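See below for the structure under consideration.
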Amino acid sequence: MSISTKYDPKATESKWYKHWMDQGYFQSKPNPDKAPYSIVIPPPNVTGMLHMGHMLNNTIQDILIRKARMEGKEACWVPGTDHASIATEAKVVVMLKEKGIAKEDISREEFLRHAWEWKEKYGGIILEQLKKLGASCDWSRTRFTMEEALSESVTKVFVDFYKKGYIYRGKRMINWDPEGKTALADDEVIYRETNAKLYYVNYKLTDSDESITIATVRPETILGDTAICVNPKDKRYKHLKGKKVVVPLTDREIPVIQDSYVSMDFGTGCLKVTPAHDLNDYQLGIKHKLPTIDVLTDSGKMSEAAGIFIGEDRFVARKKVAAAIEAAGQMVKIEDYKTNVGYSERTNAVVEPRLSVQWFVKMEHLVKPALKNVLNDEVRFNPPKFKNMYRSWMENVHDWCISRQLWWGHRIPAYYLPDGSFVVAETPEEALKLAKKASKNKDLTPDDLRQDEDVLDTWFSSGLWPITVFDGIRNPENEDIRYYYPTSVLVTGFDIIFFWIARMIIYGYEYRQEKPFEDVYFTGMVRDSQRRKMSKQLGNSPDPLELISTYGADGVRTGMLFSAPAGNDLLFDVKLCEQGRNFANKIWNAFRLVKSWEIDESLDNNRNQVAIAWFEARFNQALIEVEDHFSKYRISDALLTIYNLTWDAFCSSYLEMVKPDYQQPIDKVTCKATHSFFKCIMKLLHPFMPFITEEIWQQIRHEKDEECVIVAAWPKGDTEEGRTKMDMELIQGGTMALDIVSNIRNLRNSKQIADKQPLSLLIKTDFSRIYQLYDGIIRKLANIESIEFTDEKPEGAASFIINAMQGRPDELFVPLKGAIDIDEEISKIRKELEYTKGFLSSVEKKLSNQKFVNSAPEQVVAMERKKKSDAEAKIAALEENLSSLSN
RNA sequence: GGGUUCUUAGCUCAGCUGGUUUAGAGCAUCUGCCUUACAAGCAGAGGGUCGUAGGUUCGAAUCCUACAGGACCCACCA
C-alpha cells in the first residue's frame, strides 16, 4: 500500500471538522476545576462575506483557543454576527429596489419583515465559511446582536444610562448622511482630501454701491446665509460695522457682524455665516443670535427654504448657483482648491453638517476608567503603540450621537406623550405607567404614546458584546458571565479601536466594574504584495474559499501567519499559501517515512542514542522559544520556530541521522522515540494546522494517547536547572556535528565529488571525546568511511576549521588523492586568514584601550579576551597549514 | 496645524533597557542534483559600511539632535 507523495487536504478537512463537532470538542461550559480561557469573536456583519481580513483575524483566534484547549484550559470561543444597522439596511433597500419596492412606499413593519428574511437567508453564510477555515467556535453559543436576549439587554442599558443622566436628547449640529438619511457619529465620518473650487462672490451693501467679497467652496449654502462676519481688528472692514448686505440671488438683507473667530489672512478675510450647515457657523450663530435657514432636505436636495433650485441635488445646485451668480455679475473669480471633505463611513456619501434633534451619550464620566486602565496596562494592548492613539481619542472625545434615522436596529425606548414630552422605559407597559404619572393623566391609553422612530447606533449594542453573549446585563450573577468574564483576549483590527474597543472597555467598567478582556491583539490590514488595499475594483482580493480549496485550510492559515506580526499589515501573496501548502506536504512525507518503518527486535537499541538525545534537547529549546513568543503574542515567530524545528531539525537533520537504509527495519527504541517526537511536533503544530495534524495523529497515535490531537495535552518543557545545561551541551555538540557535515558537503560540491563516494576524515584536536560522540552521525550524513585523529597535517588534503566545545578551533582534513588544487586551497586559507586577522585587530584595539578595560563589565572584557585567544589559535593553525601547503 | 511611529540583505521583518565573534530569519536569487519519505524536494553558495549628517560613550543598528523620505491617528480656516 503506497500513500500519495502529495498531501490531499480535501480528503481530511471536512472529515475531521465533522468529527470534532460530533465529539463536542468545541463546546464549553463553566468548569471550576479548570481555568477559563474565553474569546468573543468580533461579530462580522450579517450581510458580510468572508474576506482576507476575517481569515487572518479568525485564524489567530483559532490558534489561541486551540492552544488554550490543549493546555487544559476551559476554552470557549463565542461566535456570532452583528446586525450592522446602516450597512444592512442599505443592502436591504437595494434588494427591495431590485424587486421594484421603494422603502418609502412600505411600512416599517413590512420593511423589517423583508430585513429579517434577508438575515435568515444570508446571515449565516459567513459563519459557515469560518468552519471551512477550521474555526473551533462553540457554535451552540452563536449569538446575534438583535436576538431577543441581546435586544432586551440593549434596551435595559439605554434606560439605565438615561436614568443615570448619561443620555440626553437635544438639538445639535450633527453629521448627516444624505444617502442613508440618518445622523452619524463623529467617528463614522472619514475625511479625504478632495479637489474642489473656491468661489469668490460679491455681496452688495444695502446703502452704497460697495461690495464685499467672500470665498466659499459651497456656494449653494449662500441661500442659507444669515450674516457676514469680519474680524473686529481688520482695518479693511472697520467701516462695515452695523451695515447690511444683500444675499446674492435673493433680496434678503443680512447684517455684517464682527468676531475674532475670523482669520484676517485667509481668503478675503470675510466669512459668510450659514448656521444651519457648518459647525463653526452654528456656534457663531448662537453667539450672535442669528437665525438659522436650513436649505437642504434630508436627502441632500435644496429645500423650500432655499427659495430657488428647490428639489435639486446639492451638487447640481452648486453649479447652478455659481452660474447664476456669474450671470448676475457677482462672481469675482473661481480657483481650484483642495479641501478635506467628510464621507460617510458606510455609504460613502458626502456628509452634510446638519442641525437636528438627536440622542446623545455624555462621555466625560464614562471615559475615565476606560482610559486609566489602558494606560496602566490593566488592559494590555499588543503592540502597545496603539495606547497613544487610544489616549488621544479618549482625552478629546465629544458626546456620542447614538440615534439613527433607520429602521433596522434597536429601537430607542423613548415614548412621546401627546403634549410632546417623553418618558424612557424598557417596555410600552412601563412607559404607560410612567407617562400617567408624569402627566398626571390617568386616562392615557397605549395609543396615546408614540415610540421614538429612531434606532440606536450599531456600536451602542456591539460595545456590550462581551457581556451580552454571556447574558450579563439581564442576569449579572449568572454562571457563564461570572466564569468567562473578563475574556482572555480580543483579536481585532486597530481600525475599530474607537468604534468598538473603547466602547467595550467603557461598558465593561460601567456594568461589571471590570475590563472586558485581558489583552487586545491588534491585527494589521491585509494588503496585496504592492501594499495596496484589497478591493473589488482592483481585483486584488482573493476569494478565501477558493484559496482554501487550492492550498488547503492549513496551507492558507500558515501562509498568512508566516508574515503577520501583530499590528503590522499583512502583505498577502498567494506565494505565502504555496509555502504553507509545501510545508504541509513536507510534514506529510516525513509521516510517510516514519509510518513505513518496521521494527526488528534484534537490532541494537542504542544505535541512535545521541541523535535521540540531541533532538530531545533541540525540541525543548524550540518549545521554550515558542512559549516565549506566545506569551508576547508573537504568533508569526512562534510558527517560524516550529517551522524550523520541523523542517530543519526534525526532517533534514534528525530523520536523516536515524533513518535506516531503504526497506531496512529499525530498532525499537529509535522507532518509539521518533513516533513520540512526531506526535509532539503534531501537537505544537495543531493550533496552526489543525487538519493535517489530526489526520496524522489518528494514524500514528498509540492506544494510550488522547483520541484526538485537538484535545491532546500541550507538550511541557523540561526547564530544570541541570537539565537545561545538559540540553545546551547536546545542542552545541549537534550544531558542531552538523557544521562538520555541512563543510564536507560543501567540499563535495566545490570539488564535484559525488555524495555516493565515501571520504575519510582526519581531525587534529585535544578533545577527541566530543567527536567520538558524534562519530556515527557524521559518518552517515556526510558519507564518511573513516574518522581518525592526527597530530600532523596530512599530504594532499582539503582542510577546514571547526569551533568545537569551548570555542576551541580544531582543524579537520579530508584527504583527496590528487583532487587537491594547491593554489585554490592556499587562496581559500589566505582569505580566511585575512578575515580572522581583521577580526583579531578589532578585538585587540578594544583590549588595548585602557578605558574599555576599566569601564566595561568584567564579563564583557573576559569575552573579548577569549575572542582574542581563539582568534590567535585559529590564525596559528591557518598559518601552519599555509606553510605546509607552500612547501 | 498637533501627535504617534517607521526607515536593517531584492522583498517582508527580528534585533528587549548600548557590549557572546566584523548584524540575523523567512521568502526570493544563483550553482549542482529526478539520491527509493518528499522536485510542493535535496545539497551548497552569494547578498547589508543598519535612511543622511552630527553628537553622547571606552563602545551605537540600539541613546540624543537635526535633516530627508514613508505610514498612520486627531483636528478641519470658510
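Note that this is a predicted model, so its numbers are computed, not measured. Naming: A, B, ... by sequence-line order, numbering from 1 per chain.
- Figure legend: A:Lys197 and A:Tyr337 shown without cation-pi pairing, the cationic atom not lying both under 6.0 angstrom from the six-membered ring centre and within 45 degrees of its axis.
- Straight-line distance from the CG atom of A:Asp187 to the P atom of B:C76: 13 Å, rounded to whole Å.
- A:Tyr337 comes within 4.0 angstrom of sugar-phosphate atoms only, judged by non-hydrogen atoms across all strands, and of no base.
- Comparing the P positions of B:U17 and B:C64 gives an interatomic distance of 10 Å, to the nearest angstrom.
- A:Phe572 does not carry A:Arg527 over the face of its six-membered ring by the limits of under 6.0 Å from the centre and within 45° of the normal.
- No contact: A:Val594 has no heavy atom under 4.0 Å from any strand.
- Not one side-chain nitrogen or oxygen of A:Asn340 sits closer than 4.0 Å to the OP1 or OP2 atom of B:A75.
- In the set B:G19, B:G15, B:A37, B:G15 carries the atom at the smallest distance from any side-chain atom of A:Arg634.
- Using a 4.0 Å heavy-atom cutoff across all strands shown, A:Trp597 reaches no nucleic acid atom at all.
- None of A:Phe498, A:Phe494, A:Trp393 except one satisfies the ring pair (Phe, Tyr, Trp, His ring centres under 6.0 Å) rule with A:Phe386; the exception is A:Phe494.
- At the phosphate of B:C58, neither OP1 nor OP2 sits under 4.0 Å from any side-chain N or O atom of A:Lys845.
- Listed for the A:Asp569 side chain is a donor-acceptor partner under 3.5 Å among the backbone atoms of A:Met525.
- For the residue pair A:Asn195 and A:Asp336, no side-chain donor N or O sits within less than 3.5 Å of a side-chain acceptor on the partner.
- Counting any heavy atom pair closer than 4.0 Å across all strands shown, A:Cys651 reaches a base atom.
- Residue contacts shown for A:Glu858 are absent, as no nucleic acid heavy atom lies under 4.0 Å away.
- Relative to the side chain of A:Phe498, the nucleotides B:G26, B:A78, B:C73 differ in distance, and B:C73 lies closest.
- Applying ring pair (Phe, Tyr, Trp, His ring centres under 6.0 Å) to A:Phe678 and the options A:Phe650, A:Trp588, A:Phe615, A:Tyr654 leaves one that passes, A:Phe650.
- Mapping A:Arg745 and A:Lys272 onto RNA chain B by nearest heavy atom places A:Arg745 closer to the 5' end of the strand.
- Looking at heavy-atom distances under 4.0 Å, A:Asn568 makes contact with sugar-phosphate atoms alone, never a base.
- Counting any heavy atom pair closer than 4.0 Å across all strands shown, A:Arg748 reaches no nucleic acid atom.
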Using the 3.5 Å cut-off, write out each protein N or O paired with an N or O of nucleotides 2-4 of chain B and the distance between them.
| from | atom 1 | to | atom 2 | distance (Å) |
| --- | --- | --- | --- | --- |
| B:U4 | O3' | A:Asn388 | ND2 | 3.4 |

Report, one pair per line, the protein and nucleotides 27-31 of chain B atoms (nitrogen or oxygen only) whose separation is under 3.5 Å.
| from | atom 1 | to | atom 2 | distance (Å) |
| --- | --- | --- | --- | --- |
| B:C27 | OP1 | A:Tyr643 | OH | 3.3 |

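- Heavy atoms of A:Ser263 sit under 4.0 angstrom from at least one base atom.
- Side chain of A:Asp573 to backbone of A:Lys575: a donor-acceptor contact under 3.5 angstrom is found.
- Note on A:Thr274: nothing from the nucleic acid sits closer than 4.0 angstrom, heavy atoms only.
- Under the 3.5 Å distance criterion, the side-chain polar atoms of A:His288 are left unmatched by any main-chain donor or acceptor of A:Cys229.
- Contact annotation for A:Arg531: backbone-only contact, meaning every heavy-atom pair under 4.0 Å involves sugar-phosphate atoms and none involves a base.
- Using a 4.0 Å heavy-atom cutoff across all strands shown, A:Leu640 reaches sugar-phosphate atoms only and no base atom.
- Residue A:Leu571 has its side chain nearest to B:U12 when only B:C72, B:A78, B:U12 are considered.
- Listed nucleotides: B:A40, B:G19, B:A75. Nearest to the side chain of A:Pro857: B:G19.
- Contact annotation for A:Phe562: no contact, since no heavy-atom pair falls under 4.0 Å across all strands.
- Phosphate contact (OP1/OP2 of B:A78, side-chain N/O of A:Thr339, threshold under 4.0 Å): present.
- For RNA chain B, each stem of at least three Watson-Crick or G-U pairs (distances under 3.5 Å) is given as range with range: B:1-7 with B:68-74, B:10-13 with B:24-27, B:29-33 with B:41-45, B:51-55 with B:63-67.
- In this structure a side-chain-to-backbone donor-acceptor pair under 3.5 Å is present from A:Asp528 to A:Arg531.
- A tilted orientation is assigned to the rings of A:Trp647 and A:Tyr643, their planes being inclined by 30° to 60°.
- Using a 4.0 Å heavy-atom cutoff across all strands shown, A:Ser636 reaches no nucleic acid atom at all.
- Side chain of A:Arg318 to main chain of A:Glu220: no donor-acceptor pair is present (N/O by atom type, distance under 3.5 Å, no hydrogens or angles).
- Residues A:Arg192 and A:Asp637 both approach RNA chain B. Their nearest nucleotides, taken by heavy-atom distance, put A:Asp637 toward the 5′ side.
- Between A:Lys866 and A:Glu864, no side-chain nitrogen of the basic residue sits less than 4.0 Å from a carboxylate oxygen of the acidic one, so the salt-bridge criterion is not met.
- Regarding contacts with the backbone of B:U20, every side-chain N or O of A:Lys867 stays at 4.0 angstrom or more from both OP1 and OP2.
- In this structure, the side chain of A:Arg748 engages the main chain of A:Ala782 through a donor-acceptor pair within 3.5 Å.
- When the side-chain nitrogen and oxygen atoms of A:Asn582 are compared with OP1 and OP2 of B:G41, one or more of them lie within a distance under 4.0 Å.
- Using a 4.0 Å heavy-atom cutoff across all strands shown, A:Asn585 reaches at least one base atom of the nucleic acid.
- For the OP1/OP2 pair of B:C11 and a distance below 4.0 Å, the side-chain nitrogens and oxygens of A:Ser529 include no atom meeting the criterion.
- In this structure, the ring of A:Phe381 has its center less than 6.0 angstrom from the ring center of A:Phe522.
- A donor-acceptor contact under 3.5 angstrom links the side-chain atoms of A:Glu656 to the base of B:A37.
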